[in-house]
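The structure appears right after this line, and notes come after that.
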Amino acid sequence: MKLLGAAVALAALVAATVVYFDQRRPGTSPASPSAPRTDSVASDRGESSAAQIDELRRELATMKSQAADQQSRLASATPPTPAPREPASAEEMQEQRAADLESHRVYMSEVAESFAAETIDQRWAAQASSRVNAALYDHDALRTAARDIECRAQTCRVTIDDDGSGTLTRRLPSLALSLVDVLPTISAERVDQGNGRSAMILYMSAQREAPPRPK
Amino acid sequence: VKSRFISLFATISGIALSSASAVPAQAANLNTSAIGCQQDAFQGLSSPLTKRIDYSDPGVVNLATVGTGVLCPVTRSPLLATATTGSFFVDGDNYTGASTFCVMSSYDFLGNFVGSRGFATTAPRYDEFVSFPSSLLGVYNYVTLSCVLPAFNTANGFYGGKLRGVTALQP
């Protein structure tokens with residue numbers, strides 16, 4: 001009796017195993033029990049893979065089309081964003097620094113030309129000169145170093161000799177602060193005096209840039 | 001067959017990633033709090049106080065009964081190659097009719113002062129616009145903010161004003 005029970009159990013296990021692997025075989029399913037089983041497994045797998053590759057190819061083509069469309073819309077909707085002027089190597093850094101110095105030199109030559117073309121408003125020039133002199137007088141380090149003060153209609157030019165100690169650079173913001181209510185805009189240029197010393201030429205203007213738009 | 005699948009998946013993933021990163025990054029403004037400001041070594045008016053400033057988050061205030069100068073760092077990024085100006089907003093408060101004076105200075109990489117732009121304000125809450133031509137804001141230039149903070153008001157026992165900070169506009 002025990003032997004019969006064991007045989008029945010073994011037969012049931014074999015039958016279940018056969019059914020299980022039969023259902024997992026490609027090309028067959030419980031929903032299509034009458035599907036032909038004459039094709040080889042390799043052939044089934046090959047056809048399935050080919051179908052999947054075709055489907056992937058179609059998806060790839062669609063995605064390529066969408067990507068191209070997106071790039072096209074971006075290009076037409078927004079102008080290309082220029083990269084910041086940030087060099088990547090030491091050589092480019094030197095080039096950038098040279099370009100910065102040249103840009104400053106060109107700008108200062110324009111400021112000088114503009115000052116030279118400025119007419120003279122005697123009243124404004126007298127008031128502004130008085131303020132500049134007073135501000136320079138308040139700064140011990142600048143008092144004796146400043147010379148050639150000239151004011152016109154909205155700009156004053158001052159030359160300040162630099163002794164190379166760094167005092168001039170340290171005191172310039174303080175000088176600017178003491179004149180900010182009348183001459184809020186300063187552009188400066190260092191010039192070589194040819195005797196091993198340099199001087200700073202300051203163009204101090206009453207003009208201020210207006211904000212482009214509310215913040 | 002497996003290698004073809006892998007190749008196709010790699011191509012699809014590459015396209016998906018490249019199309020996702022095609023949107024250009026927007027530059028962000030840079031805000032610098034005035035709690036980084038320090039008392040200027042050079043003061044126009046003397047005070048018995050050695051330590052003349054204090055920090056009231058998020059800003060700096062004057063403890064002295066005379067105006068006190070402070071120097072502040074300004075964080076900025078290189079301007080875009082097409083930019084013609086570089087701009088900032090300086091924020092703060094003036095209490096009971098006090099005045100604040102500020103100057104932003106630009107120095108080249110050699111330490112040369114190349115220019116400054118400033119303002120004087122009595123506005124109770126100011127948001128002052130300061131702009132430089134790009135020729136004065138080279139890639140390696142340093143920008144500082146110098147301000148004279150209004151005196152401590154002994155009548156009401158309160159600060160004359162507060163400097164909150166500066167915003168560098170990054171177009």
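Residue numbers begin at 1 in each chain, while the letters A, B, ... track the order of the sequences.
- From A:Arg208, atom CZ reaches atom OG of B:Ser131 across 10.0 Å, with rounding to the nearest 0.5 Å.
- Applying the side chain to side chain contact (heavy atoms under 4.5 Å, CB included) rule to A:Arg152 yields the partners A:Phe115, A:Glu118, A:Ile120, A:Glu150; only residues at least two apart in sequence or on another chain are considered.
- With a 4.5 Å cut-off on non-hydrogen atoms, A:Met200 touches chain B through its side chain but not through its backbone.
- With a 6.0 Å radius and a threshold of 12 heavy atoms from other residues, nucleotides or ligands, B:Arg125 has its CZ atom at or below the threshold.
- With a 4.5 Å cut-off on non-hydrogen atoms, B:Phe113 touches chain A through its backbone and its side chain both.
- Around the CD atom of A:Glu102, the shell of radius 6.0 Å holds more than 12 heavy atoms that belong to other residues, nucleotides or ligands.
- For A:Val180 against B:Ala120, the heavy-atom pair with the smallest separation is CG1-CB, 4.3 Å.
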Identify each donor-acceptor pair in which a side-chain atom of residues 184-191 of chain A lies under 3.5 Å from a protein atom, sequence neighbours left out, and give them as a table.
| from | atom 1 | to | atom 2 | distance (Å) |
| --- | --- | --- | --- | --- |
| A:Thr185 | OG1 | A:Gln207 | O | 2.5 |
| A:Arg190 | NE | B:Asn112 | OD1 | 2.7 |
| A:Arg190 | NH1 | A:Asp162 | OD2 | 2.6 |
| A:Arg190 | NH1 | A:Ser198 | OG | 2.9 |
| A:Arg190 | NH2 | A:Asp162 | OD2 | 3.1 |
| A:Arg190 | NH2 | B:Asn112 | OD1 | 3.3 |

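- Sparse packing is recorded around OH of B:Tyr142, with 12 or fewer heavy atoms of other residues, nucleotides or ligands lying under 6.0 Å away.
- Annotation: ring-ring contact (aromatic ring centres under 6.0 Å, His included) contacts of B:Phe132 (sequence neighbours excluded): none.
- Shown here is A:Arg143, whose CZ atom has more than 12 heavy atoms of other residues, nucleotides or ligands within 6.0 Å.
- Contact of B:Ser105 with chain A is made through the side chain alone, with heavy-atom distances under 4.5 Å.
- Taking every heavy atom of both residues into account, A:Arg97 and B:Tyr140 meet most closely at CG-CD1, 3.6 Å.
- Within residues 168-178 of chain A, the residues approaching chain B closer than 4.5 Å by heavy atoms are, in numerical order, A:Thr169, A:Arg171, A:Leu172, A:Pro173, A:Ser174, A:Ala176, A:Leu177.
- Residues B:Asp108 and A:Asp100 fail the side-chain proximity criterion, which asks for heavy atoms closer than 4.5 Å.
- The contact between B:Phe119 and chain A is made by backbone and side chain atoms together, counting heavy-atom distances below 4.5 Å.
- Atom OH of B:Tyr55 sits in a crowded spot, with more than 12 heavy atoms from other residues, nucleotides or ligands closer than 6.0 Å.
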